[in-house]
Each structure stands twice: as C-alpha cells, then as structure tokens.
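What follows is a single structure, written as structure tokens, with notes after it.
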Amino acid sequence: QVVIYMGSDLTHVGREIAFCANTDTLTIVDFTDKGAPVQLSRTGYSLSGYSHQGWLTEDHRYFLMNDELDELEQTLNTRTHVWDILDLDSPLYVGPHTHSLPTIDHNCYVKGNLVFEANYTSGLRIFEMTDLAAATFTLIGYLDTFPPDDAVNFNGAWSVYPYFESGTIVVSDRQNGVFLARQQCDPPTINCPDFALGVYNQLCQDPLFQNLGDVVRGLAQLQQTLQDELATVTICNDGTTGSQSNQACFDHTMMMIQD
C-alpha cells in the first residue's frame, strides 16, 4: 500500500511511503522522489512463507499483513501478521493473530476498526481489531463463498472491496464469481415467521388478491417482490442469516401464502 504518510513518525510525515509485503519481510520505502526511492527498513518475521499483501490502519500506526504460504508450508491455521510502525525505520513485529481455521489468507483491507479478509476456502471474514498491541482480533461476521470445504488450497475468495458508501461489500470468488453483501452484525432484521405472517396479512388486504382469478398472477408478482427483498446477503456471526437462510425464509413465506 502506498500512502501520503500521516502517522506518528514525525520524520516521515507528508512523505509518499510504500509498505511492501515483500516475500519474507515488511519492506518500507520512501517513494517521494520517484527517481531515487529510499528504503527505510526491511524486517523479517518467523515462519514466513510468502508475504503477499497488507493494509494500514487508518491512523497509520499498524500494518496488517497476510502470508499466502505459511498455512500451506507450515501446517498452521490462518495468520494475520501485525506490525507496529511507530518508527518506520525500525518497525516492530507484534506477532500473528491466529484464526480458528487453517485456510489460506489472500487479501485484507481495513475500514474503521474492522479488517475485511478474503481467505480463500473460508470466504470473507470480518474482524474487529480488538487490541492490535497484542495482535488480538474478534470475528464479528463472515460469508462463506466456497461452502464445499475449508481445505488449504487456492479455491474460493480472492479479494474483497468494503469501501462503497452504500455499505455493499464486493467479494470475488475464483470458482463462484462475484458476491455482493452487506454487513449485518446486529440481530437479524428479518424474523422469518413474522415476516411471512406480515406478507400474508398484507396479501389478504390487497384488492389484487380478492379475485381468485388473479391469485396466480398475484403470487408471481409477490414472488418477485420477496426475491428482491431477500436478495441482499446478510452476514452475522451467529449463523442465522445469509443467502441460504434467506432462501429458507422465502420458501417458508411462499408455502404459507399458497396454503
């Protein structure tokens, strides 16, 4: 990631700085003078495989980095590496946050106090950065874009983009295409039985459905409306929402109406 640095190291504030996940190191380079870039530091870490990509916290105090091969080569669970970059000339490797699954991490991005990770077969993972000084994250949401397994290979989520003002999150999956999601970390907004009952009551009051001859046409219209309402994939760490739950809710609602 290349930024105009605005962090705590006053020597380098206002300079154009590149933070490079550089195979087995974090390498920090001043690119302000494009004709004569200056390497500020090059720092390794233990059990490295292939450091691939990383992203700064918004205050430019920490750098979060993924390693694309440490899980595969070292038989480790997913690790997100945390660097304290208070001093760009001598960054401190805080250590890894070790995840609950062994999948390979690919790209990560920071927005506010959250980090969005595309972790191949385990899909999109959203973490709150609880205590970066101790490399502590809390999983608050996920979207498994590759449901068949959590194998340690390169199937599944490749990247994620969480920066749209609408809140829509884009996830690209190597096998299953592009997913559009919205973060839903509060209790689910749709309670399926209540939602179905509400639609049923609205149906009974709608003149469109008072004539039995219009029922088939009306159900087709309602079906499209329900699909539109439930099309957004919601993400919640309690596992109660998501595309499969949305489909179950839709099926439940239609069954109740048709009965």
Check: Atom CG of Asp9 and atom CZ of Arg61: how far apart are they, to the nearest 0.5 Å?
Finding: 11.0 Å

Checklist line | Considering all heavy atoms, the nearest Ala181-Leu143 contact | finding: CB-CD2, 3.9 Å

Item checked: Test item: Arg42 and Asp24 side chains (from C-beta on) under 4.5 Å apart, heavy atoms -> yes

Item checked: Lys111 side, atom NZ; Ile169 side, atom CD1 - distance, nearest 0.5 Å -> 7.5 Å

Check: side chain to side chain donor-acceptor pair (under 3.5 Å) between Thr138 and Thr130: does it pass, once the steps are laid out?
Finding: CA-CA 6 Å; Thr138 301; Thr130 311; 2.6 Å; yes

Check: Is Val3 reachable from Leu26 through a run of hydrophobic residues whose side-chain heavy atoms are each under 4.5 Å from the next?
Finding: yes

Next item on the list: Measure up the His97 and Phe127 rings against each other and bin them: parallel (under 30°), tilted (30 to 60°), perpendicular (over 60°).
Entry: perpendicular

Item checked: Side-chain heavy atoms of Arg125 within contact of Phe137, under 4.5 Å -> no

Checklist line | Heavy-atom pair of closest approach, residues Glu71 and Thr103 | finding: CG-O, 3.6 Å

Item checked: Spacing of CH2 belonging to Trp83 relative to CD1 belonging to Ile28, to within rounding of 0.5 Å -> 8.5 Å

Margin query: Donor-acceptor check, side chain of Ser41 to backbone of Leu88, threshold 3.5 angstrom: yes or no?
Written below: yes

Next item on the list: Please answer whether the main-chain N or O of Cys108 pairs with a side-chain N or O of Glu117 as donor and acceptor at a distance below 3.5 Å.
Entry: no

Notebook entry, point to check: Closest approach of Gly54 and Ala21, non-hydrogen atoms and distance?
Noted result: N-CB, 4.5 Å

Notebook entry, point to check: Looking only at heavy atoms, which two atoms of Leu86 and Asp84 are closest? And how far apart?
Noted result: N-OD1, 3.0 Å

Check: Given the rule in the side-chain contact (heavy atoms from CB on, under 4.5 Å) test, do Met65 and Tyr93 qualify, once you have shown the distances and angles that lead to the verdict?
Finding: CA-CA 11 Å; Met65 188 172 73; Tyr93 179 58; 6.0 Å; no

Margin query: Is there a side-chain contact (heavy atoms from CB on, under 4.5 Å) between Ile17 and His60? Walk through the geometry before answering.
Written below: CA-CA 11 Å; Ile17 306 295; His60 293 182; over 6 Å; no

Checklist line | side-chain hydrogen bond (donor to acceptor under 3.5 Å, both in side chains) partner of Arg79, chosen from Thr98, Asn66, Asp70, Asp105 | finding: Asp70

Checklist line | Minimum heavy-atom distance Val94-Ala135, with the two atoms named | finding: CG1-N, 3.9 Å

Next item on the list: Look at the side-chain heavy atoms of Ile, Leu, Val, Met, Phe, Trp and Tyr, link any pair under 4.5 Å apart, and say whether Tyr45 and Leu47 land in one connected group.
Entry: no

Checklist line | Verdict with reasoning, Val170 to Leu180, per side-chain contact (heavy atoms from CB on, under 4.5 Å) | finding: CA-CA 5 Å; Val170 181; Leu180 302 181; 3.7 Å; yes

Notebook entry, point to check: Are the side chain of Thr145 and the backbone N or O of Gly156 linked by a donor-acceptor pair below 3.5 Å?
Noted result: no

Margin query: So, taking the atom named CG in Asn107 and the one named CD in Gln53, what distance separates them when rounded to the nearest 0.5 Å?
Written below: 4.5 Å

Item checked: Gap between atom CE of Met129 and atom OH of Tyr62 - 0.5 Å precision -> 10.5 Å

Notebook entry, point to check: What residues form a side-chain contact (heavy atoms from CB on, under 4.5 Å) with Ser166, not counting sequence neighbours?
Noted result: Phe164, Thr168

Margin query: Is any side-chain heavy atom of Leu64 closer than 4.5 Å to one of Trp55?
Written below: no

Notebook entry, point to check: Is Glu68 reaching over with its side chain to a backbone N or O of His106, donor-acceptor style, under 3.5 angstrom?
Noted result: no

Next item on the list: Report whether Val110 and Met6 are members of the same hydrophobic cluster (ILVMFWY, side-chain heavy atoms less than 4.5 Å apart, transitive linking).
Entry: no

Notebook entry, point to check: When you look at Leu124 and Ile126, which way does the side-chain contact (heavy atoms from CB on, under 4.5 Å) test go after all the steps?
Noted result: CA-CA 7 Å; Leu124 168 65; Ile126 304 174; 4.2 Å; yes

Checklist line | In one Ile/Leu/Val/Met/Phe/Trp/Tyr side-chain cluster, 4.5 Å: Leu139, Phe116 | finding: yes

Check: Are side-chain N/O atoms of His99 and Thr80 paired as donor and acceptor at under 3.5 Å?
Finding: yes

Checklist line | Ser90 side chain to Asp87 backbone, donor-acceptor under 3.5 Å | finding: no

Item checked: Rounded distance (nearest 0.5 Å) linking atom CD1 of Ile85 with atom CZ of Phe63 -> 7.5 Å

Check: So Phe19 and Tyr5, would you call those rings parallel, tilted or perpendicular, with 30° and 60° as cut-offs?
Finding: tilted

Next item on the list: Over 60° means perpendicular and under 30° means parallel, so classify the ring planes of Tyr163 and Tyr109, tilted if in between.
Entry: perpendicular

Checklist line | Results of side-chain contact (heavy atoms from CB on, under 4.5 Å) for Leu69 - residues two or more places apart only | finding: Tyr50, Asp67, Leu72, Glu73, Phe154

Next item on the list: Indicate the atoms forming the closest heavy-atom contact of Asn155 with Asn153, along with that distance.
Entry: N-OD1, 3.1 Å

Next item on the list: Would you kindly confirm whether Val160 and Ile140 end up in one hydrophobic cluster when ILVMFWY residues are joined by side chain heavy atoms under 4.5 Å apart?
Entry: yes

